[in-house]
Amino acid sequence: MRLLAFTKPFGPIDAAPLAEAVASVGAEGADLLVREGQTVGPADPGGIAVVAKELERRGLTLDIVTTDLLDAGLDAEPIIAACGESGVPLMRTGFYRYDPAVGYRRGLEESKAALARLADLAARHGVRLALQLHQGTIHPSAALALALAGDLNDVRVYADPGNQVKEGSEAWALNFDLLGDRVACMGVKNAVWRSTADGWVCDWQPFADGGVVRWPEIISGLRARDYTGLLSLHVHYPAADPVAAVRRDLDHLRGLLG
């Protein structure tokens, strides 16, 4: 299993300091978030190649580019082309949100059509898409992700047990049984339920501090299933020193891996 650092907590730093941060936390590669307020924004797809080169200089790889892309519009091709030209094998899509006013069935039909167009464009540039399991979407679980992407054979799934506790829960083993070799990456983070004046809320917290997701059990199960894919460490909680926070959590993950 390869350990990646998701770049979101590092914010809008330049490519060289970003690559240095990824190297300093002990990651083997990066999961680069392309979004406004980050090192690379959607309007600057050329920045993907710059980040890839800076990582390569430090013996690291750019394994995933995470985007908000939902369809093959004019904004999509430059980003996907930059991924292909930089040798990035996997691009995470945006989130196909659930809208009660639209309804699940109509939303599924519209999203399937959009995802198919995006997957076709990605294939032309030698890039595979990954659909992340995420709360608030029409793909929060393995079963619903397959309902959206099941007949698109090149679309992979970005599993994420931490995200799933935000919406409910789903046995990680059931996820893997359903998805099989379509799992290309697993997001790694943890959360806790807290009682507030407004009721119970689910908050992110340092991965190293534990939480409701049973990561030792999951890691053991991944080994038993001969999973050799990517693990992308996410830091979504506030941290005064993001580099130190990512390093601490990644060290804990490495310890679980033995």
Side-chain angles (χ1 to χ4, degrees), residues 1-6 25-31 60-66 88-93 95 115 119 122 127-135 137-192 202 204-236 246 249-258:
M1 287 177 267
R2 285 177 50 76
L3 306 187
L4 310 181
F6 185 45
V25 301
E28 297 170 81
D31 178 348
L60 306 174
T61 51
L62 180 52
D63 297 80
I64 306 174
V65 166
T66 287
V88 180
L90 197 67
M91 189 194 85
R92 200 213 73 186
T93 70
F95 304 131
L115 180 60
V127 178
R128 274 183 167 163
L129 301 184
L131 189 67
Q132 188 180 18
L133 305 186
H134 201 283
Q135 68 275 11
T137 70
I138 62 169
H139 45 91
S141 68
L144 289 174
L146 287 175
L148 174 56
D151 57 348
L152 298 172
N153 294 327
D154 279 343
V155 175
R156 295 297 183 257
V157 175
Y158 191 131
D160 201 309
N163 278 349
Q164 290 183 288
V165 302
K166 287 277 189 171
E167 185 148 319
S169 185
E170 185 178 59
W172 69 267
L174 174 60
N175 274 221
F176 269 73
D177 286 348
L178 286 170
L179 297 171
D181 60 7
R182 293 188 76 153
V183 178
C185 180
M186 178 174 274
V188 179
K189 49 183 171 284
N190 219 327
V192 291
C202 190
W204 301 122
Q205 78 161 15
F207 178 73
D209 293 343
V212 298
V213 182
R214 297 177 180 178
W215 279 104
E217 177 185 322
I218 293 174
I219 295 298
S220 177
L222 294 179
R223 279 212 183 95
R225 286 164 171 75
D226 296 322
Y227 176 71
T228 58
L230 306 170
L231 297 177
S232 180
L233 190 283
H234 296 194
V235 168
H236 289 328
V246 174
D249 283 351
L250 201 59
D251 283 347
H252 183 69
L253 175 58
R254 193 176 292 106
L256 293 179
L257 289 167

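Throughout, residue positions are numbered sequentially from 1 according to the sequence presented. A quick note: this is a predicted structure, and the numbers were derived from the prediction, not measured. Note that these values count all heavy atoms, side chains included, but never hydrogens, waters or copies made by symmetry.
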(request) State, to 0.1 Å, how close Asn190 and Trp215 come at their nearest heavy-atom pair, and which atoms those are. (result) ND2-CD1, 3.4 Å
(message) Does Arg2 have more than 12 heavy atoms from other residues, nucleotides or ligands lying within 6.0 Å of its CZ?
(response) yes
(message) Please check this pair: side chain of Glu170 against backbone of Ala142, looking for a donor-acceptor N/O pair closer than 3.5 Å.
(response) yes
(message) With salt bridge (Lys or Arg N to Asp or Glu O under 4.0 Å) as the rule and sequence neighbours excluded, what pairs involving residues 176-187 come up?
(response) Asp177-Arg225
(message) Measuring from atom NE2 of His236 to atom NZ of Lys166, what distance do you get when rounded to the nearest 0.5 angstrom?
(response) 9.0 Å
(request) Hey, could you give me the OG/CG distance between Ser141 and Asn175, rounded to the nearest 0.5 Å? (result) 7.5 Å
(request) Go through the steps for Trp172 and Arg214 under the test side-chain contact (heavy atoms from CB on, under 4.5 Å), then give the verdict. (result) CA-CA 9 Å; Trp172 69 267; Arg214 297 177 180 178; over 6 Å; no
(message) Please check this pair: side chain of Glu28 against backbone of Thr61, looking for a donor-acceptor N/O pair closer than 3.5 Å.
(response) no
(message) What's the separation between atom CD in Gln135 and atom CD in Gln164, rounded to the nearest 0.5 Å?
(response) 9.5 Å
(request) Report yes if some heavy atom in the side chain of Cys185 is under 4.5 Å from a heavy atom in the side chain of Gln132; otherwise report no. (result) no
(message) Measuring from atom CE of Met186 to atom CG of Leu233, what distance do you get when rounded to the nearest 0.5 angstrom?
(response) 13.5 Å
(message) When you compare the side chain of Leu231 with that of Leu222, does any pair of heavy atoms fall below 4.5 Å?
(response) yes
(message) How close do Ala27 and Leu60 get, counting heavy atoms only, and between which atoms?
(response) O-CD2, 3.3 Å
(request) May I ask you to test the Leu146-Leu179 pair for a side-chain heavy-atom distance under 4.5 Å? (result) yes
(message) Let me confirm one number: the CG-CE distance from Leu129 to Met91, rounded to the nearest 0.5 Å.
(response) 5.0 Å
(message) Restricting to non-hydrogen atoms, name the atom on Leu4 and the atom on Ala30 that form the minimum distance, rounded to 0.1 Å.
(response) CD2-N, 4.0 Å
Result block: side-chain N/O donor-acceptor pairs under 3.5 angstrom for residues 151-158, not counting sequence neighbours:
residue : atom : partner : partner atom : Å
Arg156  : NH1  : Asn153  : O            : 2.6
Tyr158  : OH   : Asp31   : OD2          : 2.6
Tyr158  : OH   : Ser232  : OG           : 3.3
Tyr158  : OH   : His234  : NE2          : 2.9

(request) Any pair with a residue in residues 249-258 that passes side chain to side chain donor-acceptor pair (under 3.5 Å), sequence neighbours left out, goes on the list, sorted by first then second residue, please. (result) Tyr237-Asp249, Asp251-Arg254
(message) With rounding to the nearest 0.5 angstrom, report the CG to CG distance, Leu131 to Leu133.
(response) 7.0 Å
